[in-house]
Amino acid sequence: IKKSSEIPIHIIFKYIQIHLGIVSTAILESLEYDIKTIATGSRAKAYYEKQSKNGLLIFSNSSDYISSIILDDQKSAN
């Protein structure tokens, strides 16, 4: 498979531990799969603030903070 867009997103969600999105319905779908999700962009918090109460949704526009979340997640998975 050359591109992830060739695979249905629900199959991809079965194999990932963390999802990074801007403003997309994929953010809501990843949360349905209990995937830790980082939402970026100025509108993300306004759109998805209610969903952040489950602890899986994180809002950040900081590349350093996003990197640290991903690295910490990888360390805890090992």
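Taking the side-chain contact (heavy atoms from CB on, under 4.5 Å) definition, one finds that Leu71 meets it with Gln74, sequence neighbours left out. Judged as a side-chain contact (heavy atoms from CB on, under 4.5 Å), and not counting sequence neighbours, the contacts of Asn54 are Leu31, Leu56.
Side chain of Ser24 to backbone of Gly21: no donor-acceptor contact under 3.5 angstrom is found.
Residues Val23 and Tyr48 are in side-chain contact: their nearest non-hydrogen atoms beyond the backbone lie under 4.5 Å apart. Residues Thr37 and Ile58 fail the side-chain proximity criterion, which asks for heavy atoms closer than 4.5 Å.
Residues His19 and Tyr33 have side chains that never bring a donor and an acceptor to within less than 3.5 angstrom of each other.
With values rounded to the nearest 0.5 angstrom, Lys45 atom NZ is found 15.0 Å from Lys50 atom NZ. Atom-to-atom distance recorded for Tyr15:OH and Ile7:CD1 is 9.5 Å, nearest 0.5 angstrom. Note that the CG atom of Asn61 and the OG1 atom of Thr40 stand 6.0 Å from one another [nearest 0.5 Å]. Taken to the nearest 0.5 Å, the OG atom of Ser76 stands 7.5 Å off from the CD atom of Gln17.
Ile22 and Ile66 are assigned to two separate hydrophobic clusters, defined by single-linkage of ILVMFWY side chains at heavy-atom distances under 4.5 Å. Linking Ile, Leu, Val, Met, Phe, Trp and Tyr whenever their side-chain heavy atoms come within less than 4.5 Å leaves Leu28 and Ile9 in two separate clusters. Following chains of ILVMFWY side-chain contacts shorter than 4.5 Å, one cannot reach Leu57 starting from Ile18, and the two form parts of different hydrophobic clusters. Linking ILVMFWY side-chain heavy atoms closer than 4.5 Å, directly or via other members, places Phe59 and Leu20 in two distinct hydrophobic clusters.
The minimum heavy-atom distance linking Ile27 with Ala39 is given by the pair CD1-CB, 3.9 Å.
The side-chain hydrogen bond (donor to acceptor under 3.5 Å, both in side chains) analysis of residues 64-73, with sequence neighbours excluded, yields the pairs Lys36-Asp73.
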